[in-house]
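The structure appears below as structure tokens.
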Amino acid sequence: MTQLPRAFETLPRLSLAKLPTPIDELAKLSQALGGPRLLVKRDDLTGLATGGNKTRKLEFLIADALSKNADCVITAGGPQSNHCRQTAAAAAIAGLDCHLVLGGSPQPPIGNLLLDQLLGATVHWAPRPHRNSRMSELAAAMEADNRRPYVIPVGGSNSVGALGYFAAMFEFVAQLAEQGRRVDRIFFATSSGGTQAGLVLGARLAGFTGRITAISIDQTPDESSDEKFLAEVCRVANGVAELLGVDARLTVDDFDTNYGYLGDGYGVVGELERETIKLVARTEGLLVGPVYTARALGAMLDQIHRAAFAANETWLFWHTGDETALHAYAEALTV
Ligand SMILES: *Cc1c(COP(=O)(O)O)cnc(C)c1O
């Protein structure tokens, strides 16, 4: 089946992304590495206040908020959250107030944080472990004030948000067919898991049979030990199937996740990220961001160095869009 399930068309959706995003060749990078043929799916070009993967999720989340008559949205993330930036832009388009709960203490307005402010979002700071409780408190306070808040979880990773990546896989499969291309392996950055949930369920239903490898950006080995994180990703994916009324159900074994590239933790730029950013910039003129895409692409390149590919394979990096954070990491990137 390469048609989206019929129920898909009945779901509220607000057009925010420029779709389909292009698939580009990375011929010079492939040549420089002596690697497989390399492609990139440009979800950094979704076009919402630059772009990124959250835009596809927000098409469904913001439409859901509007259908529930919300007048403001609340979400959370790190100080350089791409999700928060795109949510602030989507809220502006939809005419909703936007409140962001950022983990940590106040920081100078650079990178995504500057954009959040320019986009008119109200920023609240809370210790990282208290972000969710802070969102609930804010929502309760607004309701008491006769406002109608809509809370979007960190990363927009519930089943409504994951619909965006479910649909993205159908878009991708149609593009490959049209362009006469075959892709053997996809790599991308996973964090809150909604992208992964949508892509893997979408692959099952759209008939994509290549391997889909998610590079974990921030699950500590404790959190990940596969059970907790993947159980949640699986729950989100099966929630998408339920929303669409399709029979498919996934198990944790359907998700290929690599936790081997965590470096010194979330948002810490190391050698892998720094070298990857420079290499793709200098071979392809392509920017990847410091927190997510440099780590995930660096992981893909490391797999190439380890010769983990067969002759005539094609690998694709799904760019999820975070180059707006580069300036905030100027110091770590220029050592
Ligand atoms: C949020 C984000 C991810 C991870 O997506 P999830 O759906 O949260 O797993 C990857 N890359 C970038 C650039 C992001 O902002």
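In each ligand, atom 1 is the first atom listed, and ligand 1 is the first ligand listed.
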Subject >> Distance-only side-chain donor-acceptor flag, Ser159 / Glu242, under 3.5 Å >> reply: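 The criterion, which ignores hydrogens and geometry beyond distance, is not satisfied for Glu242 and Ser159.
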**OP:** Examine the side chains of Asn82 and Tyr292 and answer whether a donor and an acceptor come within less than 3.5 Å of each other.
**Re:** no
[X] N/O under 3.5 Å from ligand 1 N/O:
| X | result |
| --- | --- |
| Thr293 | no |
| His83 | no |
| Lys54 | yes |
| Tyr292 | no |

Just jot down the ligand 1 atoms closer than 4.0 angstrom to any heavy atom of [X], in number order.
| X | value |
| --- | --- |
| Thr195 | 5 (O), 6 (P), 7 (O) |
| Asn82 | 13 (C), 15 (O) |
| Ala189 | 4 (C), 10 (C) |
| Thr190 | 9 (O) |
| Asp322 | 13 (C) |

Subject >> SB check Glu171 Arg56 (cutoff 4.0 Å) >> reply: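 Answer for the salt bridge query: yes.
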Subject >> Lys/Arg N to Asp/Glu carboxylate O, Lys28 vs Glu284, below 4.0 Å >> reply: no
**OP:** From the options Lys57, Arg56, Gln196, select the one whose nearest heavy atom is closest to atom 7 (O) of ligand 1.
**Re:**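 Answer by nearest heavy atom: Lys57.
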Original post:
More than 12 heavy atoms of other residues, nucleotides or ligands under 6.0 Å from CD of Gln107: is that the case?
Top reply: yes
Original post:
Just wondering, more than 12 heavy atoms not from Glu331 lying within 6.0 Å of its CD?
Top reply: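 Not more than 12 within 6.0 Å, no.
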Subject >> For atom 10 (C) of ligand 1, closest protein heavy-atom neighbour >> reply: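 Checked against all protein heavy atoms, atom 10 (C) of ligand 1 sits closest to Thr320 OG1, 3.3 Å.
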Subject >> Aromatic plane relationship, Trp318 with Tyr165 - under 30° parallel, 30 to 60° tilted, over 60° perpendicular >> reply: perpendicular
**OP:** Check whether any heavy atom of Gly193 sits under 4.0 Å from an atom of ligand 1.
**Re:** yes
Original post:
Is the closest heavy-atom distance from Ser157 to ligand 1 below 4.0 Å?
Top reply: yes
